[in-house]
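Shown next, in C-alpha cells, is the structure this report addresses.
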Amino acid sequence: MNTVQPLASKSRKLCIGLMSGTCCDGIDAVLVAIEGRGTKLKVTELAFVSIPYEKKFRARLLTLSRGEEGGSRELCLMNFTLGQLFVSAAKAVCKEAKVSTSEIDLIGSHGHTFYHIPEAQDYFGKPVSATMQLGEASLLSEAFGCPVVSDFRVRDMAAGGQGAPLVPYTEYLLYRSETETVALQNLGGIGNLTVIPKHALPEQILAFDTGPGNMVIDELVYRYSSGVESYDKNGDLGRKGKISNSLVQWMLENDGYLTRFPPKTTGRERYGIPFVDLVEHQGVALGLSPFDIIASATYYTAFCISYSLSHFCPVPVDRLTVGGGGIHNSFLMDELKQLLPHMPVNTQEDLGFNSDSKEAVAFAVLANEAIAGRPNTLIGATGASHAVVMGKILL
Ligand SMILES: Nc1ncnc2c1ncn2[C@@H]1O[C@H](COP(=O)(O)OP(=O)(O)OP(=O)(O)O)[C@@H](O)[C@H]1O
Ligand SMILES: CC(=O)N[C@H]1[C@@H]2OC[C@@H](O2)[C@@H](O)[C@@H]1O[C@H](C)C(=O)O
C-alpha cells in the first residue's frame, strides 16, 4: 500500500525545503504552501531562515570533506550532527512562520554535499559516478512525524546522470515562458545555468554548471582577512582592485572545465582550496595585490557565464535572470552585465522571487513531485539516460 498517496492528493500542503549549499555557509530552510504539481504547481513562500554554521564547525566540515583529516568515526558523527542541525533549522522556520511542527505535511531535504565525483573510476578501473550528501534525514522524520524525502542525487546517477544540477526541473515548473527563451543563472558557490526555450518541453531544456560562482572569491577573502570575513560583502574588495588580464588568461588555460561541452557538473573538488592556492600563487608571481586577485577571480566567474552562454546555448536567449547569494555582490553583477551588453539581465527579485530561498524551495518542490511518483529530473541537465523519480522517502 502506498501510504503517501493521501498526502500526495491533498490540495494544499505545508512543506519545508532544506538546503546546505557548496558555499558551506549554513542551512537554508523555507516553509512553503504547495498546491498542485507538475505544470499546475503553485508555491507560496510563508517563511525563510538561514542558519549559519559556527566558524569552527564549518572549517571542520570542509577539512573532513577534503579528506585531509578525520576518518570513518567522524564521518559517521558528522552525518548525524548535520541531521540535528537540519532539524533545528526546520524548527526555526516553523517558529518564524508561527506554524506548529505538527502541521507540517512534508519535508524535502537536500542535505550537504560532502563529496561529488560524477566522472570517476571504481576499484576495477571502470568509469563510475558517485556522490554523498550528509544530514541524516531519519532525525527529521522522528522530530516532525511526517514524510521526509532526501538523498535525491544518487538515483539520477544510477540512471547514468551526473546527479546535478537538480534545481532546473523546478525552474521549468516555475519560470518557463510561452513568449521568451529564459536563461537562469545561479550564483552560489558554483555557478549554474539553465536555458528554457519558449514553449519548451522538459527534454528541450539545457542546464549545467558554468564553473566557479562565489567559491574562489570567498576563499580568497577568507585568506586575506585572516579568517575574519568569509565573502566579499557587496563586492567592495573586488571593486578596489584592478582586473588582471594575465591572471584571467592563466585561469582560463588552467581551468580544464569551462570549455567542456555539457552535460557537466562541478564542485569544491575542482574549485576548492588547491585551485585557489594556484590562483593566489600565480597572482603573487604577477605582482598583483590581494584586491587585484579578488577582482580577477570575480571577473572570471562572470566570464565563465558569458562564455557558457555564447558557446553552449542552442537558441538565442531573450533575458537572463540571476539568483543565489552572488546577486548581492554588485561588482560581480556589474561585470556580468558589461560582458552581456545585448542581453537584459535581472534578478529573481525583479520577478517577485527570493534569490536566497530558491534552492530550499526547489527541494520542497522536488519532494512534492517524488511522493506523487512523478519523474523529477531533466535529462538535458544531468545527462541521465531517462528521467527518474529522485529521492528516498521516509514515511
Ligand atoms: N552581501 C553579500 N555580498 C556579496 N556576496 C554575498 C552577499 N551575501 C551572500 N553573498 C555570497 O553568496 C554566497 C552564498 O550563496 P548561496 O547561499 O546561494 O550559495 P550556496 O547555496 O551555498 O551554493 P550552491 O548554489 O553552489 O550550492 C556567499 O558565500 C557569498 O559569496
Ligand atoms: C553536487 C552538488 O551539490 N552540486 C551543486 C553545486 O552547487 C551549484 C551547482 O553545483 C549545482 O549543480 C548543485 O546544486 C544545485 C542545488 C542543483 O543541484 O541544482
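Note on Val148: it does not cluster hydrophobically with Leu7, by side-chain heavy-atom contacts below 4.5 Å among ILVMFWY residues.
Listed by chain and residue number, His116, Gln133, Arg153, Val154, Met157 satisfy the side chain to side chain contact (heavy atoms under 4.5 Å, CB included) test with Thr131 (two or more places apart in sequence, or in another chain). Remark: Thr298 pairs with no residue by the side-chain hydrogen bond (donor to acceptor under 3.5 Å, both in side chains) rule, at least two apart or across chains. Taking the salt bridge (Lys or Arg N to Asp or Glu O under 4.0 Å) definition, one finds that Asp151 meets it with Lys392, sequence neighbours left out. Val99 meets the side chain to side chain contact (heavy atoms under 4.5 Å, CB included) test with Leu14, Leu31, Ala97, Glu103, Ile104; sequence neighbours excluded. Listed by chain and residue number, Glu349 satisfy the side-chain hydrogen bond (donor to acceptor under 3.5 Å, both in side chains) test with Ser355 (two or more places apart in sequence, or in another chain). Under the side-chain hydrogen bond (donor to acceptor under 3.5 Å, both in side chains) criterion, Arg58 pairs with no residue, sequence neighbours left out. Residues passing the ring pair (Phe, Tyr, Trp, His ring centres under 6.0 Å) test with Phe275 are Tyr271, sequence neighbours excluded. When the ring pair (Phe, Tyr, Trp, His ring centres under 6.0 Å) test is applied to Phe48, no partner is found at least two apart in sequence or on another chain. Remark: Arg239 engages Asp334 in a salt bridge (Lys or Arg N to Asp or Glu O under 4.0 Å) (not counting sequence neighbours). Among residues two or more places apart in sequence or in another chain, the ring pair (Phe, Tyr, Trp, His ring centres under 6.0 Å) test is passed with Phe57 by Tyr53. Every residue two or more places apart in sequence or in another chain was checked for a ring pair (Phe, Tyr, Trp, His ring centres under 6.0 Å) with Tyr115, and none qualifies.
Salt bridge absent: Lys264 and Glu119 never bring a charged side-chain N and a carboxylate O closer than 4.0 Å.
Using modelled atom types and a 3.5 Å distance limit, the side chains of Asp209 and Thr265 yield a donor-acceptor pair.
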Working for side-chain contact (heavy atoms from CB on, under 4.5 Å), residues Leu309 and Leu340: CA-CA 9 Å; Leu309 279 165; Leu340 301 170; 3.8 Å; yes
For Gln84 and Leu82, what are the C-alpha separation, side-chain angles and deciding distance, and is it a side-chain contact (heavy atoms from CB on, under 4.5 Å)? CA-CA 5 Å; Gln84 283 159 354; Leu82 276 167; over 6 Å; no
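Ring planes of Phe303 and Tyr300: parallel class, angle under 30° (limits at 30 and 60°).
Counting non-hydrogen atoms of neighbouring residues, nucleotides and ligands closer than 6.0 angstrom, the CE atom of Met343 exceeds 12 such neighbours.
Put simply, the side chain of Asn214 gets close to the backbone of Gly188: a donor and an acceptor are under 3.5 Å apart. At least one donor-acceptor pair closer than 3.5 Å links the side chain of Asp255 to the backbone N or O of Tyr257. For the pair Ser330 (side chain) and Asn234 (backbone), a donor-acceptor distance under 3.5 Å is present.
Within the 4.5 Å cutoff, side-chain heavy atoms of Leu187 are placed close to those of Leu332.
Under the 6.0 Å distance and 45° angle rule, Lys337 does not count as a cation-pi partner of Phe331.
Within the structure, every pair that satisfies the side-chain hydrogen bond (donor to acceptor under 3.5 Å, both in side chains) test and touches residues 27-39, not counting sequence neighbours, is listed here: Asp28-Ser50.
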